[in-house]
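What follows is a short report on a single structure.
Bear in mind the structure is a predicted one, so any value in this text is a computation, not a measurement.
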Amino acid sequence: MTDLTAKRLELLKEMVPKAHRVVAFYSPHNPAAQQSVQFARDAARKLRVELVERRVDSVEGLRPSLRALRPREVDALLYVSDAMVSSQAAVIIETARENRLPTIFQEPASVVSGALASYGNDYRAVGRLSAKLVQRVLLGANPADMPIEQFDTFHFAINLKTAKALGLTIPPSLLQRADQVIE
């Protein structure tokens, strides 16, 4: 699976050009999160953004770490691939709203809930591909003889209501690239 952390940071920087310090919360015990953070570090260097890493061991540790964010300590919040953190999207979005922090997540549902944006897998495309493979097997194809297929369709969503509340103007070029714009 492709890690999209670097692309998320790039999109966040396009939406919030003045963002110089971006925070990412993750579990240091999650190998996928560690790899995702490395992608974020590399992208941050290229974009001249300081990545502020906040390691959290549990959901119980995430909440106080979120509350500990000081005003103007960071300019935005980046989601890195971490299921524990993702499971707390509602709390993160609420804290970000209270602190006027732009956020980018993986799941389009987070944008509906108030995140500024999301960029991640297009689960409809994943479902269609899965259904196609299942259909072939049900029609008698041997799974061992079937080629490996990957999806390369990603979903980009922007919440203009959140952008307005944050005082952000999203560039028209980004709005044109978005698959979903919530107004």
Side-chain angles (χ1 to χ4, degrees), residues 2-27 33 36-37 39-40 43-44 46-54 56 59 62-126 153-183:
T2 303
D3 188 281
L4 302 172
T5 303
K7 184 64 177 180
R8 274 188 216 105
L9 184 55
E10 179 185 313
L11 291 167
L12 183 61
K13 184 69 174 163
E14 282 185 66
M15 289 182 283
V16 190
K18 293 180 180 180
H20 298 292
R21 291 175 48 87
V22 176
V23 67
F25 293 90
Y26 69 98
S27 169
S36 185
V37 168
F39 289 128
K46 290 176 188 168
L47 294 168
R48 294 188 167 103
V49 170
E50 180 184 347
L51 183 67
V52 178
E53 298 179 33
R54 293 290 166 88
V56 291
V59 168
L62 175 62
R63 291 175 183 208
S65 190
L66 279 165
R67 285 192 301 270
L69 281 174
R70 296 181 315 274
R72 295 181 289 287
E73 177 182 2
V74 294
D75 305 310
L77 189 144
L78 170 70
Y79 168 77
V80 296
S81 300
D82 189 309
M84 184 264 299
V85 173
S86 180
S87 75
Q88 298 303 302
V91 173
I92 295 168
I93 291 166
E94 180 60 26
T95 303
R97 186 188 60 72
E98 290 168 2
N99 289 298
R100 298 186 44 80
L101 286 176
T103 54
I104 188 164
F105 283 85
Q106 174 179 313
E107 301 285 335
S110 63
V111 177
V112 173
S113 298
L116 174 62
S118 68
Y119 185 75
N121 298 320
D122 181 340
Y123 291 112
R124 290 177 196 251
V126 172
T153 306
F154 304 107
H155 187 86
F156 178 36
I158 300 172
N159 187 323
L160 287 180
K161 185 177 175 184
T162 298
K164 183 178 180 180
L166 294 169
L168 298 172
T169 302
I170 304 299
S173 61
L174 269 180
L175 291 172
Q176 290 172 346
R177 290 174 14 211
D179 300 294
Q180 179 183 13
V181 176
I182 296 171
E183 298 190 50

Does the side chain of [Y] come within less than 4.5 Å of [X]'s, by heavy atoms?
X    : Y    : answer
M15  : L168 : no
N159 : V111 : yes
H155 : P108 : yes
L175 : V181 : yes
L66  : Q88  : no
Q180 : V112 : yes
I93  : F105 : yes
L116 : V16  : yes

Heavy-atom closest contact ([X] atom, [Y] atom, distance):
X    : Y    : answer
M84  : V59  : SD-N, 3.6 Å
V56  : L62  : CG1-CA, 3.8 Å
A68  : E73  : O-OE1, 4.0 Å
T162 : G114 : OG1-O, 2.9 Å
V74  : L101 : O-CD2, 3.3 Å
R8   : Y79  : NH1-O, 3.6 Å

Answer yes if the side chains of [X] and [Y] hold a donor-acceptor pair under 3.5 Å, and no otherwise.
X   : Y   : value
E50 : H20 : no
T5  : S36 : yes
E53 : Y26 : yes

field: Verdict with reasoning, K13 to E10, per salt bridge (charged side-chain N to carboxylate O under 4.0 Å, His left out)
entry: CA-CA 5 Å; K13 184 69 174 163; E10 179 185 313; over 6 Å; no
Quick one: [atom1] on [X] to [atom2] on [Y], what's the gap to the nearest 0.5 Å?
X    : Y    : atom1 : atom2 : answer
F25  : T95  : CZ    : OG1   : 8.0 Å
K7   : F39  : NZ    : CZ    : 15.0 Å
L4   : S81  : CG    : OG    : 7.0 Å
L166 : R100 : CG    : CZ    : 5.5 Å
L9   : L51  : CG    : CG    : 7.5 Å
S113 : I182 : OG    : CD1   : 8.5 Å

query: Under 3.5 Å, is there a donor-acceptor pair between the side chain of D179 and the main chain of F156?
result: yes
field: Chi angles and distances behind the salt bridge (charged side-chain N to carboxylate O under 4.0 Å, His left out) call for E98, R67
entry: CA-CA 10 Å; E98 290 168 2; R67 285 192 301 270; over 6 Å; no
field: Working for side chain to side chain contact (heavy atoms under 4.5 Å, CB included), residues L11 and I104
entry: CA-CA 9 Å; L11 291 167; I104 188 164; 4.1 Å; yes
field: Geometric class of the F154/Y119 ring pair [parallel <30°, tilted 30-60°, perpendicular >60°]
entry: tilted
message: Strictly below 4.0 Å, N to O, side chains only: are K164 and E183 in salt-bridge contact?
response: no
field: Test: R97 and E94 ion pair at under 4.0 Å
entry: yes
task: Evaluate the criterion side chain to side chain contact (heavy atoms under 4.5 Å, CB included) for residue pair V22 and D75; output intermediate values, then yes/no.
output: CA-CA 6 Å; V22 176; D75 305 310; 5.6 Å; no
- request: In sequence, state the C-alpha distance, the side-chain angles, and the governing distance for E107 and S118, and then conclude on side chain to side chain contact (heavy atoms under 4.5 Å, CB included).
  value: CA-CA 6 Å; E107 301 285 335; S118 68; 5.8 Å; no
